[in-house]
Amino acid sequence: MTDATEIRHGRHCVFNLHVHLVFVTKYRRGVFTGEVLAELHGIFAAVCQDFSAELVEFDGEDDHVHLLVNYPPRVSVSALVNSLKGVSSRMIRKKNYPSVRKRLWGGALWSPSYFAGSCGGAPISIIRQYIERQQTPD
């Protein structure tokens with residue numbers, strides 16, 4: 001994994017974009033065990049790699065997970081989330097874990113909503129000051 005402050009380069013851009021994602025299980029049911037979370041970690045890392053993104057950090061509790069993803073500017077967060085949730089739901093359901101099978105019915109693993117927060121870099125107040133202090137030409 002790269003350092004969270006490492007600047008990445010694209011063909012025509014330089015970037016350092018991170019998003020903090022939180023996914024909650026359907027009906028907030030506590031279905032995750034250590035084994036399921038370990039499986040999710042691998043699934044999320046593979047999906048991120050398909051998007052040329054990187055899963056920097058991952059962890060969770062029995063009813064939700066947190067991801068820190070470093071992603072390129074050509075990737076929309078909503079498309080990344082859609083793929084992360086869709087692929088993980090299908091693959092976890094396919095494994096037929098007892099903790100998931102007993103507490104969730106139908107085909108859904110995740111609640112349809114999610115949290116996405118941009119993070120990293122300088123605080124907004126510092127960036128505003130920097131922009132305000134630019135030497136605007138007369």
message: My understanding is that only residues two or more places apart in sequence, or in another chain, count here; which of them pass ring pair (Phe, Tyr, Trp, His ring centres under 6.0 Å) with F115?
response: H20
query: Could you walk me through whether R74 and S52 pass the side chain to side chain donor-acceptor pair (under 3.5 Å) check?
result: CA-CA 10 Å; R74 66 177 169 75; S52 299; 2.9 Å; yes
Contacts of Y27 that satisfy ring pair (Phe, Tyr, Trp, His ring centres under 6.0 Å) - sequence neighbours left out: W105
Test side-chain contact (heavy atoms from CB on, under 4.5 Å) applied to V31 and I92, V100, V36, the passing residue: V100
query: Less than 4.5 Å apart, any side-chain heavy atom of E61 and any of F32?
result: no
- prompt: For the atom pair NZ (K95) and CZ (R101), what is the distance rounded to the nearest 0.5 Å?
  reply: 14.5 Å
task: May I ask you to decide if D63's main-chain N or O and R29's side chain share a donor-acceptor pair within less than 3.5 Å?
output: no
message: For D50, I'd like to know if atom CG has over 12 heavy atoms of other residues, nucleotides or ligands within 6.0 Å.
response: yes
field: Considering all heavy atoms, the nearest S89-G107 contact
entry: OG-O, 3.6 Å
query: Do you know the tightest heavy-atom contact between L55 and A45?
result: CD2-N, 3.7 Å
field: More than 12 heavy atoms of other groups within 6.0 Å of Q49 CD
entry: no
query: Cluster question for you: counting only ILVMFWY and a side-chain heavy-atom cut-off of under 4.5 Å, with indirect links fine, are L37 and V24 together?
result: no
task: Could you pull out all residues at least two apart from F58 that satisfy ring pair (Phe, Tyr, Trp, His ring centres under 6.0 Å)?
output: H41, F44
- line: dist S111:OG -> F23:CZ (nearest 0.5 Å) comes out at 11.0 Å
- request: Can you measure from CG (N16) to CD1 (I7) and round to the nearest 0.5 angstrom?
  value: 4.5 Å
message: Using the rule given for side-chain contact (heavy atoms from CB on, under 4.5 Å), can you reason through V56 versus H18, listing the C-alpha separation, both sets of side-chain angles and the distance that settles it, and then say yes or no?
response: CA-CA 9 Å; V56 177; H18 289 82; 4.2 Å; yes
Residues, nucleotides or ligands: over 12 heavy atoms within 6.0 Å of R28 CZ: yes
- request: Heavy atoms only: give me the nearest V14-H9 pair and the separation to one decimal.
  value: CG2-ND1, 3.6 Å
- request: Would you give the length of the straight line joining atom CG of L84 to atom CZ of F51, rounded to the nearest 0.5 angstrom?
  value: 7.0 Å
task: From the options V19, V69, L17, N82, select the one residue that forms a side-chain contact (heavy atoms from CB on, under 4.5 Å) with V77.
output: V19
Least distance between heavy atoms, S88 atom then L40 atom: CB-CD2, 3.7 Å
field: Residue pair H66, H64: steps toward the side-chain contact (heavy atoms from CB on, under 4.5 Å) verdict
entry: CA-CA 7 Å; H66 292 263; H64 70 279; 3.3 Å; yes
message: Quick check against the 3.5 Å criterion: does Q134 have a side-chain atom that pairs as donor or acceptor with the backbone of Y130?
response: yes
- prompt: OH of Y71 to SG of C48: how many Å apart, nearest 0.5 Å?
  reply: 12.0 Å
- request: Let me see the working for N70 and R8 under side-chain contact (heavy atoms from CB on, under 4.5 Å), right down to the final yes or no.
  value: CA-CA 9 Å; N70 182 335; R8 293 175 61 188; 2.9 Å; yes
message: With rounding to the nearest 0.5 angstrom, report the CD to CG distance, E54 to L68.
response: 9.0 Å
Charged tip of K85 within 45° of Y114 ring normal and under 6.0 Å: no
